[in-house]
Amino acid sequence: MYREHAQDVLGQWLAWRRAGEVALVVVTATQGGAVRMPGALMAVSATGQRCGYISGGCIDADVAMHAMEALRTGRVERLRYGNGSPFIDMPLPCGGAIEVGVLPNAEADVLRACRDRLVSRQPVTLTLSPSGDLRLGHSTMANALSFRYTPKLHLRIAGRGADSLALARLAMASGIPTELQLREGTEAQEARRLGIDNVTQLTLPSALPARDDDPWTAFLLAFHDADWEDALLTQALGGPAFYIGAVGSRTTHARRCARLGAAGAVERQIERIRGPVGLVPSMREASTLAVSVLAEVVEAYQRKVRCPFASTALVLLAAGQSRRFEEGDKLLARLHGQRIIQRAAAALQGHDLAARIAVVGPDQAARAVELRAAGWTVVVNAQSEKGLSASLAAGIREAGQCRGVEAALVMLADMPNVPDAHLVDLRDALTPERSAVMSLAGAVHSPPALFDRAVFDSLTGLAGDAGAGQLFQSLAHTATVAIPADWALDVDTREDLMKVDCVN
């Protein structure tokens, strides 16, 4: 298994650091068809040992040589390969460019904390300052680079027969941590003989092992027994697994879904189950079925990591009246040469969303012009004087009519300091068993907030100026994500604008 995940590279960096000096190489930028993404890591020991990689083999050896030189000099190195590089004898076949930073004295405490977060199945952000210093978390420092790392894909397989064993072996060979839950003792013995160590014995459908899924877990059911199927799927549907699949034909799957519905499972939950599974239909051999299923699981994991907002509508509430702002429209006021409404409209520009919806009042044409120019669908709320809830309802109704929308991320246009990193954290927290996630500013629930489609009707029924906070308090399955005070600043007065300006 080739170690490439940040958790593994950092683990090796820490191990080598205990014995001597070791450099950390970070991909800081790419252009064109680079193999690795920005944030990819490589560790290089003083003796030239390497863990991880930063290209398809074109430049890794040369980077390692520079890393060893950096260890001798103690100086941070910044290297560029490909277009615009001084290393004209090392062109990249892809025609692009790769920039890397070489850190000879990276902070061990920071890297240990980053590794530990990943081991504990939590996403983490690592920020690299222009001087080469590292810190955990997002930074607003000019020219600092932030890289987000997510936990490894974890696969849980419950079943019997060759299908389960073949998939477990392939997943483990691919470096994917895998748990195999088996009914038969002889199959458990065979699994261990094949090198599959994480095996759990299933005894009765009514006495399942405790579920240990997290948002980075894929669950596959490989039983053909109704009692086991219903119990295991019901358990999985009650948790945060990003993928739930079950082997079997279309007819088998239809019967399975009908049973779950009759037992009380709601339709939106049942729709989470993929069946038949696999990118290639009708595989008859365990080995090819394993390849087909694993490809589907990896594809789903990559969509979760790279396109977290693909089924989310971003709803921007921009219909406030600016009554307390001393000089005209607060959202048209400038902050560092940019209107506040323009800063709000730039949220998640680098992400694919199911919809971008902004709500303005009937007398706010200038705001609408700015938003439409930035690619937003603008909804005019004729009842904006009735308070925030009326604008929220208008935005949610529009989101509910958009194809593919499963959640709505609600933001206020007068909060110009909220970074995309916080919005990604909110999205991570809205796992399938939860209905809502709000920001928590100190002890106060605050926007931005994220809501599952299941509560859209309740949101459209709110009244007054309290917004979604009153609904959030009444919901059973929710979560909060802390938001720093500087990010939570909103602009109501000229004095507020000066505070926001000072932070930036």
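Sequence positions, counted from 1, serve as the residue numbers for this chain. The model shown is predicted, which means the values in this text are computed figures rather than measured ones.
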Give a yes or no answer on whether the side chain of Arg434 reaches the backbone of Ala429 with a donor-acceptor pair at less than 3.5 Å.
-> yes
With side chains defined as the heavy atoms from C-beta onward, is the minimum distance between Ser446 and Asp490 less than 4.5 Å?
-> no
Would you say Asp452's side chain and Pro432's backbone share a donor-acceptor pair under 3.5 angstrom?
-> no
Side-chain heavy atoms of Phe456 within contact of Val405, under 4.5 Å | yes
Just wondering, more than 12 heavy atoms not from Arg169 lying within 6.0 Å of its CZ?
-> no
Polar side chain donor-acceptor pair, His253 to Arg250, under 3.5 angstrom = no
Is the backbone N or O of Glu99 less than 3.5 Å from a side-chain atom of Thr28, with the two atoms forming a donor-acceptor pair by type?
-> yes
Do Arg274's NZ or CZ and the ring of Tyr243 fall within the cation-pi criteria of under 6.0 Å and 45°?
-> no
Checking side chain to side chain contact (heavy atoms under 4.5 Å, CB included) for the pair Gln7/Val119: CA distance, chi angles, key distance, verdict?
-> CA-CA 7 Å; Gln7 175 181 321; Val119 170; 3.8 Å; yes
Looking only at heavy atoms, which two atoms of Ala218 and Val297 are closest? And how far apart?
-> CB-CG1, 3.6 Å
When rounded to the nearest 0.5 angstrom, what distance separates CG in Leu126 from CG in Leu136?
-> 6.5 Å
Under the salt bridge (charged side-chain N to carboxylate O under 4.0 Å, His left out) rule, what pairs show up with a residue in residues 470-485, not counting sequence neighbours?
-> none
Which distance, rounded to the nearest 0.5 Å, do you find between the CG of Leu388 and the CG of Leu462?
-> 9.5 Å
Verify, without hydrogens or angle tests, whether Glu179 (side chain) and Ile157 (backbone) share a donor-acceptor contact under 3.5 angstrom.
-> no
What closest approach, in Å, do Ala40 and Tyr53 show between heavy atoms, and which atom pair accounts for it?
-> CB-O, 4.4 Å
Ignoring hydrogens and angles, tell me if any N or O in the side chain of Arg272 forms a donor-acceptor pair with the backbone of Ala241 under 3.5 Å.
-> yes
Option among Arg255, Arg256, Arg259 that satisfies the salt bridge (Lys or Arg N to Asp or Glu O under 4.0 Å) test with Asp230 = Arg259
Identify the two heavy atoms, one from Met411 and one from Pro448, that lie closest to each other, and give their separation to 0.1 Å.
-> CG-CB, 4.1 Å
Determine the minimum heavy-atom distance between Pro276 and Gly248, stating which atoms define it.
-> CB-O, 3.3 Å
Start with the C-alpha distance between Tyr301 and Leu155, add both sets of side-chain angles, then the distance that settles side chain to side chain contact (heavy atoms under 4.5 Å, CB included), and finish with yes or no.
-> CA-CA 11 Å; Tyr301 175 77; Leu155 179 61; over 6 Å; no
Validation row: Leu134, Val26 side chains within 4.5 angstrom (heavy atoms) | no
Any chance you could lay out the side chain to side chain contact (heavy atoms under 4.5 Å, CB included) test for Asp133 and Glu107, step after step, and finish with the verdict?
-> CA-CA 8 Å; Asp133 294 328; Glu107 297 87 338; 3.5 Å; yes
So do the side chains of Asp225 and Arg183 get within less than 4.5 Å of each other, counting heavy atoms only?
-> no
Roughly how far, to the nearest 0.5 Å, is the CG atom of Leu353 from the CZ atom of Arg356?
-> 4.5 Å
Examine distances only and state if a side-chain atom of Gln269 and a backbone atom of Leu237 form a donor-acceptor pair shorter than 3.5 Å.
-> yes
Determine whether Leu41 and Tyr149 make a side-chain contact, defined as any pair of heavy atoms from C-beta on separated by less than 4.5 Å.
-> yes
Asp420 to Leu348 - nearest heavy-atom pair and separation = OD1-N, 3.0 Å
Would a distance-only check, ignoring hydrogens and angles, find a side-chain to backbone donor-acceptor pair under 3.5 Å from Arg121 to Pro151?
-> no
First locate atom CG of Leu194, then atom CD1 of Ile196, and finally report the distance between them rounded to the nearest 0.5 Å.
-> 5.5 Å
Please assess Leu459 against Val410 for the test side chain to side chain contact (heavy atoms under 4.5 Å, CB included), listing each intermediate value before the final yes or no.
-> CA-CA 11 Å; Leu459 289 170; Val410 180; 5.7 Å; no
With distance as the sole test, does Ser206 use its side chain to make a donor-acceptor pair with the main-chain N or O of Leu204 at under 3.5 Å?
-> no
Going from OG1 on Thr178 to CG on Asn198, what distance comes out if it is rounded to the nearest 0.5 angstrom?
-> 8.5 Å
Going by heavy atoms in the side chains, are Phe472 and Thr480 under 4.5 Å from each other?
-> yes
Check salt bridge (charged side-chain N to carboxylate O under 4.0 Å, His left out) between Glu406 and all other residues, then give those that pass, not counting sequence neighbours.
-> Arg268
Pairs where residues 189-201 contributes a residue and the test salt bridge (charged side-chain N to carboxylate O under 4.0 Å, His left out) is met, not counting sequence neighbours | Glu190-Arg193
In terms of heavy-atom contacts, does CD of Glu267 have more than 12 from other residues, nucleotides or ligands at under 6.0 Å?
-> no
Where do Ala246 and Val277 come nearest, in terms of heavy atoms and distance?
-> N-CG1, 3.3 Å
Quick one: does Thr288's side chain get under 4.5 Å of Val280's, heavy atoms only?
-> no
Electrostatic pair Asp212-Arg156, nearest N-O below 4.0 angstrom = no
Check each of Leu221, Leu202, Leu233 against Trp228 using the side chain to side chain contact (heavy atoms under 4.5 Å, CB included) test, and report the only one that passes.
-> Leu202
Answer with yes or no whether the side chains of Thr460 and Asp457 bring together a donor and an acceptor at under 3.5 Å.
-> no
Within 45° cone and under 6.0 Å: Lys304 NZ/CZ vs Trp216 ring | yes
Just say parallel, tilted or perpendicular for the rings of Trp487 and His422, cut-offs at 30° and 60°.
-> perpendicular
Arg427 side chain to Leu409 backbone, donor-acceptor under 3.5 Å = no
Check: Gln235 main-chain N/O paired with Arg211 side-chain donor or acceptor under 3.5 Å = yes
Please tell me if the side chains of Val315 and Leu317 come closer than 4.5 Å, counting only heavy atoms from C-beta onward.
-> yes
CG of Leu294 to CG of Leu220: how many Å apart, nearest 0.5 Å?
-> 10.0 Å
